[in-house]
Amino acid sequence: MFNLQFSIRLIPIALLQSLLLALGQVLLKFGLNNMKPFSWSAAFWKSVFINWQFALCGIFFAAASLLWMYIVKHFPLSMAYPMVSLSYVFGMIGAIVFFHESVDIYKWVGVFLIMTGCILIAR
C-alpha cells in the first residue's frame, strides 16, 4: 500500500544512512591499504591505532548504525530494509571515484535494478 508520508520521511534518511555506510567502506579500504600486513606484533597494532582512515570509518559506521536504529524503530521494516541496498550504489560510485575501478555495463544494469527496486518498494 502506498504511504506517501513514510516515503517522504524515509527516503532522505535512508539515503544518508546508505551514504554513511558507503563512505565508511571507502575509508576502511583506504585504512586497510595503509596498514602493515596482519600479525600479532606491536608494529601491526600501532599501525591500526594510529590510522586516521580506520578510525574515521568506525565513526561513519557508528553514525550509520544510529540512523539505522532510528529507521527500524520508526518505519516498516519491509520498506526500510531494502533501502540499505542503496549503499551498494554509493559503494560502486566510491570505487570509481576513489580507487579508479572500471565498471562494465553489467554492473550499471545491476545498479539500475537496485535503484528501480528501491523506488518500487518506497511506493
Side-chain angles (χ1 to χ4, degrees):
M1 185 167 119
F2 178 68
N3 190 333
L4 185 62
Q5 179 187 6
F6 277 134
S7 294
I8 289 173
R9 289 180 38 225
L10 174 61
I11 290 172
I13 298 168
L15 285 170
L16 178 59
Q17 193 265 349
S18 295
L19 185 61
L20 288 169
L21 276 177
L23 288 172
Q25 293 294 345
V26 167
L27 286 164
L28 178 63
K29 184 162 178 72
F30 274 126
L32 292 172
N33 287 342
N34 291 330
M35 284 184 194
K36 297 188 179 300
F38 180 81
S39 69
W40 291 105
S41 69
F44 169 76
W45 290 105
K46 182 179 176 186
S47 76
V48 170
F49 291 113
I50 64 169
N51 187 321
W52 68 268
Q53 293 109 335
F54 190 67
L56 195 55
C57 92
I59 292 169
F60 276 78
F61 288 152
S65 295
L66 290 172
L67 264 179
W68 179 243
M69 286 187 268
Y70 175 84
I71 290 168
V72 169
K73 181 172 175 81
H74 292 95
F75 298 96
L77 189 62
S78 63
M79 194 176 184
Y81 196 69
M83 294 296 165
V84 175
S85 63
L86 292 170
S87 65
Y88 300 137
V89 177
F90 291 132
M92 194 170 80
I93 292 168
I96 294 166
V97 171
F98 296 107
F99 304 110
H100 310 291
E101 295 180 12
S102 62
V103 177
D104 59 27
I105 188 67
Y106 297 106
K107 291 176 185 168
W108 285 116
V109 169
V111 165
F112 173 77
L113 292 172
I114 289 170
M115 293 173 68
T116 302
C118 289
I119 291 167
L120 292 173
I121 288 168
R123 291 191 43 172

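Because the structure is predicted, anything quoted here is derived from the model rather than measured.
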Specify the closest pair of heavy atoms between [X] and [Y], including all atoms of both residues, with the distance to one decimal.
{"X": "F44", "Y": "M35", "result": "CE1-SD, 4.4 Å"}
{"X": "A22", "Y": "G91", "result": "CB-N, 3.6 Å"}
{"X": "V26", "Y": "F98", "result": "CG1-CD1, 3.7 Å"}
{"X": "L27", "Y": "C57", "result": "CB-CB, 3.7 Å"}
{"X": "K36", "Y": "S47", "result": "N-OG, 3.4 Å"}
{"X": "K107", "Y": "V103", "result": "CB-CG1, 3.5 Å"}

Going through the checks in order, is the side chain to side chain contact (heavy atoms under 4.5 Å, CB included) test met by V72 and W68?
CA-CA 6 Å; V72 169; W68 179 243; 3.3 Å; yes
**Prompt:** Does the side chain of F112 come within less than 4.5 Å of T116's, by heavy atoms?
**Reply:** yes
I want to check something: taking the side chain as every heavy atom from C-beta on, are F49 and F54 in contact at a cut-off of under 4.5 Å?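 Contact flag for F49/F54 side chains = no.
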Connected via hydrophobic side-chain network under 4.5 Å: [X] and [Y]:
{"X": "Y106", "Y": "V111", "answer": "no"}
{"X": "F90", "Y": "I114", "answer": "no"}
{"X": "Y81", "Y": "V89", "answer": "no"}
{"X": "V109", "Y": "L120", "answer": "no"}
{"X": "I50", "Y": "W40", "answer": "no"}

I'd like to know whether CZ of F38 has more than 12 heavy-atom contacts from other residues, nucleotides or ligands below 6.0 angstrom. yes
Report task. May I ask you to check whether over 12 heavy atoms, not counting those of F61, lie within 6.0 Å of atom CZ? Result -> yes
Ring centre gap for F30 and F99 strictly below 6.0 Å =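 Centroid separation for F30 and F99: below 6.0 Å.
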Would you compute the distance between atom [atom1] of [X] and atom [atom2] of [Y] and round it to the nearest 0.5 angstrom?
{"X": "Q53", "Y": "K29", "atom1": "CD", "atom2": "NZ", "answer": "12.5 Å"}
{"X": "L86", "Y": "L16", "atom1": "CG", "atom2": "CG", "answer": "12.0 Å"}
{"X": "L23", "Y": "L28", "atom1": "CG", "atom2": "CG", "answer": "12.5 Å"}
{"X": "L15", "Y": "L67", "atom1": "CG", "atom2": "CG", "answer": "11.5 Å"}
{"X": "S41", "Y": "K46", "atom1": "OG", "atom2": "NZ", "answer": "11.5 Å"}
{"X": "R9", "Y": "I71", "atom1": "CZ", "atom2": "CD1", "answer": "11.0 Å"}

Check whether S18 reaches the backbone of M83 with its side chain - one donor and one acceptor, N or O, closer than 3.5 Å.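 The answer is yes, because a donor-acceptor pair under 3.5 Å joins these two groups.
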request  = Kindly indicate, with the supporting measurements, whether the criterion side chain to side chain contact (heavy atoms under 4.5 Å, CB included) is fulfilled by Q25 and F60.
outcome  = CA-CA 9 Å; Q25 293 294 345; F60 276 78; over 6 Å; no
